[in-house]
Structure formats: structure tokens, C-alpha cells
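Letters A, B, ... are given to chains in the order of the sequence lines, protein chains preceding strands, and every chain is numbered from 1. Everything quoted here is computed from the prediction, not taken from an experiment.
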Number of protein chains: 2
Amino acid sequence: MIGLPPFAQNFILHWGEMGTKWGINRTVAQIHALLFISEEPLNAEGICNRLGVARSNVSNSLKELQNWGIVNVVHLPGDRRDHFESVKDVYELFRIIATERKRREIDPTLRNLRKSADEAGEPNNPADAYAKGQLEDLLGFFEMISDFYEKMDRMPTKSAVKIFRMGDKIAKTLGVITK
Amino acid sequence: MIGLPPFAQNFILHWGEMGTKWGINRTVAQIHALLFISEEPLNAEGICNRLGVARSNVSNSLKELQNWGIVNVVHLPGDRRDHFESVKDVYELFRIIATERKRREIDPTLRNLRKSADEAGEPNNPADAYAKGQLEDLLGFFEMISDFYEKMDRMPTKSAVKIFRMGDKIAKTLGVITK
DNA sequence: AATTTATTTCATAGATTTCTGTAAAGACAG
DNA sequence: CTGTCTTTACAGAAATCTATGAAATAAATT
């Protein structure tokens with residue numbers, strides 16, 4: 001990892017590890033980290049040099065980041081190479097990631113749970129009845145999460161932040177006790 | 001996958017796939033799915049038979065689930081084998097998972113971001129200054145999420161659910177516009 | 001203590017994912 | 001159209017992760 005100050009290396013390596021814990025390829029996460037803290041857009045070659053990974057790996061990883069919608073191509077005048085830059089606003093970034101995860105993970109799970117609960121029909125034994133009940137509970141939970149995501153998505157960032165910051169005060173206002 | 005109705009198989013297979021997208025071993029997720037919809041605690045042997053995986057795999061996976069705190073050992077009278085049951089309440093389940101993910105992922109990231117921002121010191125060039133600024137933004141975001149988690153954890157389930165369900169109404173009450 | 005039953009550990013086989021180098025394709029200037 | 005620069009696709013190598021069976025350990029029963 002060349003030409004990067006230690007604090008940046010620190011962060012990039014950690015972000016890479018964190019990525020793997022979330023099912024995201026290490027290199028993909030590292031490239032994202034690099035672009036996120038880089039003021040100027042970088043070209044693929046530059047990313048290669050800094051992270052010390054193969055050109056083709058960078059190419060594929062960049063495509064993956066573009067699929068997620070958190071990295072964009074830009075062109076600099078007088079340079080025909082593609083340059084890449086990350087979404088720089090933290091809230092915008094996580095909003096995009098949340099929306100994408102919902103689409104890829106929550107939505108298919110909702111469909112599966114509906115289908116499974118449906119297929120269970122009228123259970124003819126207690127075990128199946130119990131299982132169906134559990135699936136319905138899970139479905140209810142995922143529906144709640146899904147609706148919440150959508151509400152957040154329609155909200156301006158400021159409102160969403162307020163909800164996160166004031167979570168406990170809101171609960172008190174609603175007349176419920178916090179332990 | 002033997003002795004399970006199709007709707008249960010459906011769910012277990014999907015939960016397994018979903019697990020892999022979240023960095024959780026497929027078998028671990030499948031075992032959890034099975035225990036979650038099973039009214040009675042199951043022993044390792046029973047899990048083997050139903051899922052068709054090796055005994056040792058089940059043993060290790062069960063240990064992993066116990067580390068997460070979402071599966072517990074119980075003993076049935078007159079049977080010396082360990083039996084296992086999942087946390088059955090959906091809210092309780094996700095509360096535990098969230099707390100655990102915070103501990104394993106958010107907290108280390110907070111530490112790393114603080115360390116990195118700290119190491120950056122007084123940047124002596126604009127690029128480093130920008131990078132440090134981005135890290136500080138990220139740190140602020142993770143601190144917000146971390147605090148929110150903790151607030152939720154101290155709240156009774158009902159209050160947490162209210163916040164999730166009423167997200168947009170709350171925002172309106174706070175005097176902010178939803179798009 | 002010996003036997004039976006249950007569980008865990010561990011080395012390795014197997015599968016999957018990731019990374020690389022090369023070759024092909026595409027884009028552009030002259 | 002040709003030559004150069006750039007990006008992408010792909011096949012195989014390398015690394016990582018997962019699952020297995022056998023052996024070791026532990027626990028209960030006789």
C-alpha cells in the first residue's frame with residue numbers, strides 16, 4: 001500500500017475487514033474506503049498502485065461498487081481514462097446502501113415468507129401450526145422493517161437524523177417508560 | 001432434508017442463503033431457522049437427520065449460535081442428550097443480533113476511526129486534511145448509530161416498535177416535512 | 001472400573017471465492 | 001484505417017472457507 005499516510009492505510013485495511021464481515025469482498029471495500037477519503041477522483045491505475053492489487057481486480061471491484069450505486073465514473077478534461085469517485089456524504093452513502101440491501105435481502109425474504117406461510121395452508125398438526133405461527137411473526141417483523149426503510153427513504157436526511165438522535169426522548173413523549 | 005413439510009424446507013433454505021449474504025455460515029443459519037420454527041427443543045442427532053449434514057458440523061454450528069446468544073441448551077427429563085432451542089420471540093431475537101453486531105462490528109470501527117483520526121494529527125497537506133474530515137464525518141455517523149442502538153436496547157420492546165412504526169408521524173410532529 | 005452414549009476436536013478433503021495475467025474488445029486520435 | 005491507450009472478459013492459480021469422518025474426550029450407567 002504505497003503513497004498513503006499511515007492513518008489512511010489504517011482505515012482502508014479496517015474497512016476491508018469490516019466488509020468481509022458484512023459479506024462484501026475485501027478489495028471492493030478497500031477501494032471504496034480509498035475513494036471515500038480521496039478528494040480527487042482516481043483512475044483504475046492509481047487505485048492499483050496505491051492498494052497493490054491487480055488491474056483486473058480493480059476493474060471488477062469498481063463495477064461492483066457502481067452496481068451498488070456508491071461509486072460513479074467521472075471524466076477529467078484532457079484525460080480519456082475513466083476516473084472514479086465515491087459518494088462523499090456519509091448520510092447519502094448509508095441511505096444508498098440501506099436501500100440496496102433492502103432490495104437485495106429484505107424484499108426477497110418478504111416474498112419467501114409470504115410464500116412459505118401461504119404454502120403452509122391450514123396445518124393439520126400442532127408442529128406445523130406452530131411453525132406457521134413463527135413464520136407469520138417473522139413476516140410481521142420484516143414488514144415493519146421494510147416500511148420503516150421506505151419511510152426513512154422518503155424523509156429528508158435531517159428528519160431521519162433527528163429520529164435517530166432523539167430516539168429515547170420520542171419514546172418518552174409517546175408516554176412509554178424507558179428502563 | 002427429511003421429515004420436514006415443504007413450506008418449512010422453503011424457509012430453511014432461504015434463511016440459509018440469506019445468512020451467507022450477511023456473512024453467516026449457511027449451515028449455521030439453516031440450523032437456526034430449523035430451531036426457530038420448531039416448538040420442541042431438538043438434539044444434535046435430530047438436527048443432523050433433518051438437514052442432512054455431518055454431526056460435527058452441527059456441533060460446531062450450534063456452538064456458534066450459542067456464542068451469538070440466540071440458541072440455548074436445555075435438558076429434557078429422562079434424556080441425557082443436550083437439546084437446543086432458539087430464542088422464539090422475533091423482537092428479542094433481533095435485539096440480541098443487533099447488540100451482538102454492534103459489539104463485534106460497530107464498536108471496533110468506532111475505535112479504529114478514533115485512532116485513525118487521531119493519528120492524522122494536524123494534516124500538512126490538503127489531501128490529508130480532506131481525508132481526515134471524511135473520517136470524522138464517518139465517526140460522527142457511527143457514534144449516532146451506536147448511541148441509537150444503546151437507547152433501543154434500554155427500551156422495552158413496545159417502545160422500540162412504536163418508534164419503528166411511527167417513524168414518519170414522529171418526523172411530522174417534530175416539525176419537519178416528509179417529501 | 002468398564003461400558004455405553006454423547007459431544008468435541010482436529011486434520012484434511014472439498015467447495016467456493018478471490019485474485020491474477022493474458023487476451024480480446026472497445027474507443028479514440030491522427 | 002491504423003496504431004495506441006484503456007477497459008473488460010476469462011481461465012486458471014491461489015487463498016479462504018466449509019464440511020466431513022475419525023479419534024479423543026467427557027459424562028452417565030452398570
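- For B:Arg80 and C:dT5, a side-chain-to-base donor-acceptor distance below 3.5 Å is present, hydrogens and geometry of angles not being considered.
- Distance check, rounded to the nearest 0.5 Å: CE of B:Met18 to CZ of A:Arg104 gives 12.0 Å.
- Between B:Phe94 and A:Phe141, the angle of the ring planes stays under 30°, which puts this pair in the parallel group of the 30/60° scheme.
- Of the residues in residues 45-76 of chain B, those with a non-hydrogen atom less than 4.0 angstrom from any atom of DNA chain C are B:Arg55, B:Ser56, B:Ser59, B:Asn60, B:Lys63.
- Phosphate proximity of C:dC19 to A:Thr27: present, with a side-chain N or O under 4.0 Å from OP1 or OP2.
- Relative orientation of the B:Trp15 and A:Phe142 rings is perpendicular, given thresholds of 30° and 60° on the angle between their planes.
- Remark: P of C:dT18 and CG of A:Asn25 are 5 Å apart, rounded to the nearest angstrom.
- Annotation: of the two residues near DNA chain D, A:Thr20 and A:His83, the 5′-most nearest-nucleotide partner is A:His83.
- Between the CZ atom of A:Arg26 and the C1' atom of C:dT18 there is a distance of 10 Å, rounded to whole Å.
- Applying the side chain to side chain donor-acceptor pair (under 3.5 Å) definition to pairs two or more places apart or across chains, none involves residues 34-49 of chain B.
- Distance B:Asn43 CG to D:dA27 C1': 16 Å, rounded to the nearest Å.
- B:Glu119 and A:Asn10 share a donor-acceptor pair across their side chains, judged by distance under 3.5 Å alone.
- Rounded to a whole Å, the CG atom of A:Asp79 is 17 Å from the P atom of C:dA27.
- Spacing between atom CZ of B:Arg81 and atom C1' of D:dT29 amounts to 16 Å, rounded to whole angstrom units.
- Here the closest non-hydrogen pair linking B:Lys102 and B:Ser146 is CE-OG, 3.3 Å.
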